[in-house]
2 protein chains.
Amino acid sequence: MMSLTIGKLAAAADVKVPTIRFYEQIGLLPEPVRTVSDRRAYDPAAVRRLAFIKHARQLGFPIEAIRTLLDLADHPERSCEDANSLAQEQLTTVETKIAQLEALRSELRRMVAAGCQGIAGDCRVIETLADHGLCGRDHSVPGRLSS
Amino acid sequence: MMSLTIGKLAAAADVKVPTIRFYEQIGLLPEPVRTVSDRRAYDPAAVRRLAFIKHARQLGFPIEAIRTLLDLADHPERSCEDANSLAQEQLTTVETKIAQLEALRSELRRMVAAGCQGIAGDCRVIETLADHGLCGRDHSVPGRLSS
DNA sequence: CCTGCATCCTCTAGTCGCTAGAGGATCAAG
DNA sequence: CTTGATCCTCTAGCGACTAGAGGATGCAGG
């Protein structure tokens with residue numbers, strides 16, 4: 001019965017302690033056994049599950065998608081259709097976001113390049129913000145990438 | 001005394017009505033005059049101010065930065081140093097984020113390309129998520145772009 | 001054995017930038 | 001005069017945590 005404290009688990013998966021409690025609360029991680037003094041005692045498998053979650057989060061998958069993905073990982077006999085489509089969806093999301101950010105980047109570059117040293121009244125940054133007509137109109141902020 | 005209702009203002013700046021009330025609440029927009037029946041009555045200048053805010057938000061500037069930027073726009077005699085550095089900062093943020101997303105994109109592409117038709121047990125998507133060692137280790141999700 | 005500090009526990013509230021909805025008043029067109 | 005759109009305030013919710021209060025426990029050194 002080699003079990004881990006929440007702190008050890010956190011260190012092992014490089015995740016913060018409160019995050020683990022949070023994942024438990026929302027049902028991504030199962031409730032672990034408790035010691036007599038009510039501390040969480042994890043078995044080593046928890047490290048892999050948590051690492052899975054962490055990796056998926058790093059890739060930007062939303063929690064709900066991760067729930068599905070974990071479920072699939074827990075039931076290897078099911079069809080992996082969902083996993084494929086979630087990955088495809090996430091790829092599309094990321095690609096869209098990159099495109100939008102590239103548009104922002106180019107306008108910001110123009111603003112910064114035109115940067116001024118004087119007073120706000122003559123500032124190109126302020127001016128650009130004040131008049132959208134001054135710039136390529138095709139940017140808009142990406143929706144959040146689930147993070 | 002050509003004044004606008006909140007709805008007209010919203011339409012004019014292409015922003016939602018509750019968003020305007022929200023901006024007022026946090027002090028980005030000044031409290032407008034009220035009619036006898038307690039409705040907000042905006043003067044046309046409000047459209048420009050709101051458009052300024054909208055544009056800055058589209059570029060990903062956080063509210064606090066916009067506060068500074070608006071302040072500068074209101075006081076054209078001040079130095080625009082802050083505007084320049086905020087823009088530079090924002091550019092850096094966006095560039096960092098693009099780089100991170102590009103790393104995500106390439107891993108997601110690999111996952112999707114290896115996509116499987118079978119059961120979850122053999123699924124490369126699941127497998128990749130389970131074992132971070134299988135992929136280039138250099139991605140991590142961008143912090144939010146104040147979006 | 002004792003001290004002291006690290007770690008653990010639960011709970012609540014805060015982050016960011018809105019968005020949604022309840023419950024009600026008012027306006028404008030037909 | 002009625003109907004439906006718009007307005008008002010207020011509260012709560014989103015996602016994915018993060019921070020902090022206030023207290024209990026565990027562990028290592030002296």
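Every chain is numbered from 1 and lettered A, B, ... according to where its sequence line falls, protein lines coming before strand lines. As the structure is a computational prediction, the values presented were derived from the model and not from experiment.
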Would you call [X] and [Y] a salt bridge, taking side-chain N to carboxylate O under 4.0 Å as the test?
{"X": "A:Arg40", "Y": "A:Glu24", "result": "yes"}
{"X": "B:Arg109", "Y": "A:Glu95", "result": "yes"}
{"X": "A:Arg49", "Y": "A:Asp74", "result": "yes"}

To the nearest Å, give me how far apart [atom1] ([X]) and [atom2] ([N]) are.
{"X": "B:Ile63", "N": "C:dG14", "atom1": "CD1", "atom2": "P", "result": "19 Å"}
{"X": "A:Arg67", "N": "D:dG15", "atom1": "CZ", "atom2": "C1'", "result": "12 Å"}
{"X": "A:Lys16", "N": "D:dG20", "atom1": "NZ", "atom2": "P", "result": "12 Å"}
{"X": "B:Phe22", "N": "C:dC16", "atom1": "CZ", "atom2": "P", "result": "10 Å"}
{"X": "A:Ile53", "N": "D:dG15", "atom1": "CD1", "atom2": "P", "result": "17 Å"}
{"X": "A:Ile66", "N": "D:dG15", "atom1": "CD1", "atom2": "P", "result": "13 Å"}
{"X": "A:Lys8", "N": "D:dG26", "atom1": "NZ", "atom2": "C1'", "result": "12 Å"}
{"X": "B:Leu4", "N": "D:dT6", "atom1": "CG", "atom2": "P", "result": "15 Å"}

- With sequence neighbours left out, which residue pairs that include part of residues 7-21 of chain A fulfil the side chain to side chain donor-acceptor pair (under 3.5 Å) condition?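 As it turns out, the side chain to side chain donor-acceptor pair (under 3.5 Å) pairs with a partner in residues 7-21 of chain A, which skip direct neighbours, are A:Asp14-A:Lys54.
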Looking at [X], does any N or O in its side chain come under 4.0 Å of the phosphate oxygens OP1/OP2 on [N]?
{"X": "B:Tyr23", "N": "C:dC18", "value": "yes"}
{"X": "A:Thr5", "N": "C:dC8", "value": "yes"}
{"X": "A:Arg57", "N": "D:dG15", "value": "no"}
{"X": "B:Arg21", "N": "C:dT19", "value": "no"}

- Residues from residues 24-42 of chain B sitting under 4.0 Å of DNA chain C, heavy atoms only? B:Ser37, B:Arg39
Should [X] and [Y] be regarded as members of a common hydrophobic cluster, given that ILVMFWY residues are connected when their side-chain heavy atoms come within less than 4.5 Å of each other, either directly or indirectly?
{"X": "A:Leu9", "Y": "A:Phe22", "answer": "yes"}
{"X": "A:Val33", "Y": "A:Tyr42", "answer": "no"}
{"X": "A:Val47", "Y": "A:Ile6", "answer": "yes"}

- Message: Starting the side chain at C-beta, find the nucleotide from D:dA16, D:dC8, C:dG17 nearest to B:Pro62.
- Response: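 Closest nucleotide to the B:Pro62 side chain: C:dG17.
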